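Here the structure is a predicted model, which means the values were calculated and not measured. By convention here, the first residue in the shown sequence is residue 1. The analysis underlying the following values was restricted to heavy atoms, covering all of them including side chains, and did not include hydrogens, waters or symmetry mates.
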Amino acid sequence: VLPAWLAPTQLNIIPVNNRYHLEYAEKIYPHLKQFALDDIDEKIISSTKIVYLEGYLCDDESACEAMIKAADLAHKHNRQVAFTLSDKSCVLRHRDWFLKFIAECVDILFANEVEIKTLFEEENFYKTLDLIKPLVTIAAITRSEKGSVVGHNRIKIFVEAEYNTRLSRILQRNGAESLEVFKTKW
């Protein structure tokens with residue numbers, strides 16, 4: 001089992017039959033361990049180069065406290081903190097906390113175009129690049145078929161999306177059902 005800060009979902013309850021198991025699953029679910037302050041191990045953090053934290057952990061208040069503690073310890077030991085926004089709905093739920101956490105604790109940010117626009121409430125993607133620049137050392141933003149952008153200080157590197165021509169030819173010739181064949185063969 002990996003530490004909770006590295007793999008926050010350690011266990012999940014899935015009722016096999018709602019008629020017989022759902023009530024019990026709902027009864028024990030609140031007792032499952034959430035990511036919390038006592039999960040933070042300074043020795044582990046000090047031995048890493050980068051502490052990676054997920055935005056979706058913020059759905060639990062104790063997890064937010066644990067993330068701040070992990071970031072503080074990382075910086076105490078001259079380690080970097082990487083953070084991912086996780087998804088648009090997560091950004092909408094925790095926007096203010098994310099902005100504060102990013103400004104105060106994050107060195108490397110991972111996001112997609114929708115998430116970063118949501119974070120800054122800005123439709124112009126290029127403006128979001130300017131808005132994130134003073135907050136983090138590195139920002140890596142994916143843009144689906146538009147590729148991705150990696151920003152570091154005043155440098156922005158635009159990376160084209162890689163187009164799989166072999167897969168495209170197979171799909172154009174044989175239709176979408178060929179995708180399963182392609183996946184199993186290659």
Checklist line | Beyond-backbone contact of Asp87 with Tyr56, side-chain heavy atoms, under 4.5 angstrom | finding: no
Checklist line | Contact check, side chains of Ile68 and Trp97, non-hydrogen atoms, under 4.5 Å | finding: yes
Checklist line | Phe158 reachable from Ile141 in the ILVMFWY side-chain graph, under 4.5 Å edges | finding: yes
Note to self: So, using side-chain hydrogen bond (donor to acceptor under 3.5 Å, both in side chains) as the criterion, who are the partners of Ser86 when residues are at least two apart?
What the structure shows: Glu54
Item checked: More than 12 heavy atoms of other groups within 6.0 Å of Lys69 NZ -> yes
Check: Hey, is the main chain of Tyr126 close enough, under 3.5 Å, to the side chain of Asn124 for a donor-acceptor pair?
Finding: yes
Next item on the list: Could you pull out the closest heavy-atom pair between His75 and Cys105, with the gap in Å?
Entry: CE1-O, 2.8 Å
Notebook entry, point to check: Side chains of Cys90 and Arg93: closer than 4.5 Å at any heavy-atom pair?
Noted result: yes
Checklist line | Value rounded to 0.5 Å, distance of OG in Ser89 from CD in Glu115 | finding: 9.0 Å
Next item on the list: Measure from the side-chain N and O atoms of Arg95 to the backbone N and O of Leu119, and report whether any donor-acceptor pair falls under 3.5 Å.
Entry: yes
Check: Below 4.5 Å, heavy atoms only, C-beta onward: do Glu113 and Ser144 meet side chain to side chain?
Finding: no
Check: Quick one: does Ile116's side chain get under 4.5 Å of Leu109's, heavy atoms only?
Finding: yes
Margin query: Applying a strict under-4.5 Å side-chain criterion to I, L, V, M, F, W and Y, I'd like to know whether Val114 and Val159 cluster together.
Written below: no
Item checked: Glu61 CD: over 12 foreign heavy atoms closer than 6.0 Å -> no
Item checked: Linked, directly or transitively: Leu53 and Leu99 (ILVMFWY side chains, under 4.5 Å) -> yes
Notebook entry, point to check: Would you say Glu123 and Lys117 make side-chain contact, with heavy atoms under 4.5 Å?
Noted result: yes
Check: Is there a side-chain contact between Leu85 and Ile102, using heavy atoms and a 4.5 Å cut-off?
Finding: yes
Item checked: Beyond-backbone contact of Ile108 with Tyr52, side-chain heavy atoms, under 4.5 angstrom -> no
Next item on the list: Any chance you could measure Ile45, atom CD1, to His77, atom NE2, to the nearest 0.5 Å?
Entry: 8.0 Å
Please tabulate, for side-chain N and O atoms in residues 127-138, each donor-acceptor pair with protein atoms closer than 3.5 Å (sequence neighbours left out).
from, atom 1, to, atom 2, distance (Å)
Thr128, OG1, Phe125, O, 2.5
Asp130, OD1, Lys156, NZ, 3.1

Next item on the list: Mark yes or no for whether Asp107, through its side chain, and Val81, through its backbone, hold a donor-acceptor pair below 3.5 Å.
Entry: yes
Item checked: Verdict with reasoning, Phe101 to His94, per side chain to side chain contact (heavy atoms under 4.5 Å, CB included) -> CA-CA 10 Å; Phe101 183 69; His94 307 292; over 6 Å; no
